[in-house]
**Q** 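I'd like to ask some things about the structure below.
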Amino acid sequence: ACAIVDARHPHGHGVATVAVPALLTGMEDKRWKVKASCIEVLAPCLRQMSDSTPAQLALCLPQIVPRLAEAALEVRAEIRNATAAVLREIGAMVASPEIKKLSQELVTALAEPTNQKHTQG
């Protein structure tokens, strides 16, 4: 699925209005493989939106990041690993120099919520 998104280069508005809501719905599925796959497909969607429609990406991130924070608490390592990869991808997209300095720490804290070293001051 990731290769399809990368190869097809769907338009940013289509990704934001069709793909992202479908992937967020898929993340609620009880089957871990469906959940992990939906999380993995988010990465190329986010890259595509970052390149072509950053405003759409900015509108979608408040819906995506809380879902990823929830997914980081999942028992299955596959889901946690996919979540960490997408969070790192989001952190790499940060353009603001002030926020860029903190983005790695924020991503680590979100990706590893049970690691007290990262989540407590």
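We number each residue from 1, following the sequence as shown.
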**Q** List the atom of Cys45, the atom of Leu23, and the distance in Å for their closest heavy-atom pair.
**A**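 Heavy-atom minimum between the residues: SG-CD1, 3.9 Å.
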**Q** Taking all non-hydrogen atoms of both residues, which atom of Lys35 and which atom of Ile79 are closest, and how far apart?
**A** CD-CD1, 3.7 Å
**Q** I want to check something: taking the side chain as every heavy atom from C-beta on, are Val94 and Leu102 in contact at a cut-off of under 4.5 Å?
**A** no
**Q** State plainly whether one hydrophobic cluster holds both Leu24 and Leu57, where clusters connect Ile, Leu, Val, Met, Phe, Trp and Tyr through side-chain heavy atoms under 4.5 angstrom apart.
**A**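 Looking at the clustering, Leu57 is in the same group as Leu24.
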**Q** Taking the side chain from Thr108 and the backbone from Gln104, do they hold a donor-acceptor pair closer than 3.5 Å?
**A**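 Yes; judged by distance alone, with no hydrogens or angles, the pair exists.
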**Q** Looking at Glu74 and Arg76, is there a salt bridge between them, counting it only when a charged N and a carboxylate O are closer than 4.0 Å?
**A**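 No, this pair does not count.
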**Q** Within this structure, what is the CZ-OG distance for the pair Arg31 and Ser37, rounded to the nearest 0.5 Å?
**A** 10.5 Å
**Q** If every non-hydrogen atom of Ala71 is compared with every non-hydrogen atom of Ile39, which pair is closest and at what distance?
**A**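 So the two residues come closest at CB-CD1, 3.8 Å.
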**Q** Determine whether Leu68 and Ile90 make a side-chain contact, defined as any pair of heavy atoms from C-beta on separated by less than 4.5 Å.
**A**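 In short, these two side chains touch, coming nearer than 4.5 Å.
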**Q** Measuring only between side-chain heavy atoms, which start at C-beta, is Val20 closer than 4.5 Å to Gln56?
**A** no
**Q** Looking only at side-chain N and O atoms, does Ser52 offer a donor or acceptor that is under 3.5 Å from a partner on Gln48?
**A**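 Gln48 vs Ser52: donor-acceptor pair found between side chains.
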**Q** Cys38 versus Asp29: any side-chain heavy-atom pair under 4.5 Å?
**A** no
**Q** Answer yes or no: are there more than 12 heavy-atom neighbours, outside Lys100 itself, under 6.0 Å from its atom NZ?
**A** yes
**Q** Restricting to non-hydrogen atoms, name the atom on Ala36 and the atom on Ala82 that form the minimum distance, rounded to 0.1 Å.
**A**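 So the minimum-distance heavy-atom pair works out to O-CB, 4.1 Å.
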**Q** So among Met27, Arg67, Arg47, Glu89, which one has a side-chain contact (heavy atoms from CB on, under 4.5 Å) with Leu42?
**A** Met27
**Q** Which heavy atom in Ala72 sits nearest to a heavy atom in Leu110, and how many Å separate them?
**A**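 In this case the closest contact between Ala72 and Leu110 is CB-O, 3.2 Å.
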**Q** Can Leu46 be reached from Leu106 by stepping across I, L, V, M, F, W or Y side chains whose heavy atoms are under 4.5 Å apart?
**A** no
**Q** Trp32, Val86: one ILVMFWY side-chain cluster at the under-4.5 Å cut-off?
**A**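 Yes, Trp32 connects to Val86 through the hydrophobic network.
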**Q** If we only count heavy atoms from C-beta on, is the Pro54 to Met49 side-chain gap below 4.5 Å?
**A**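 With C-beta onward as the side chain, the pair stays apart.
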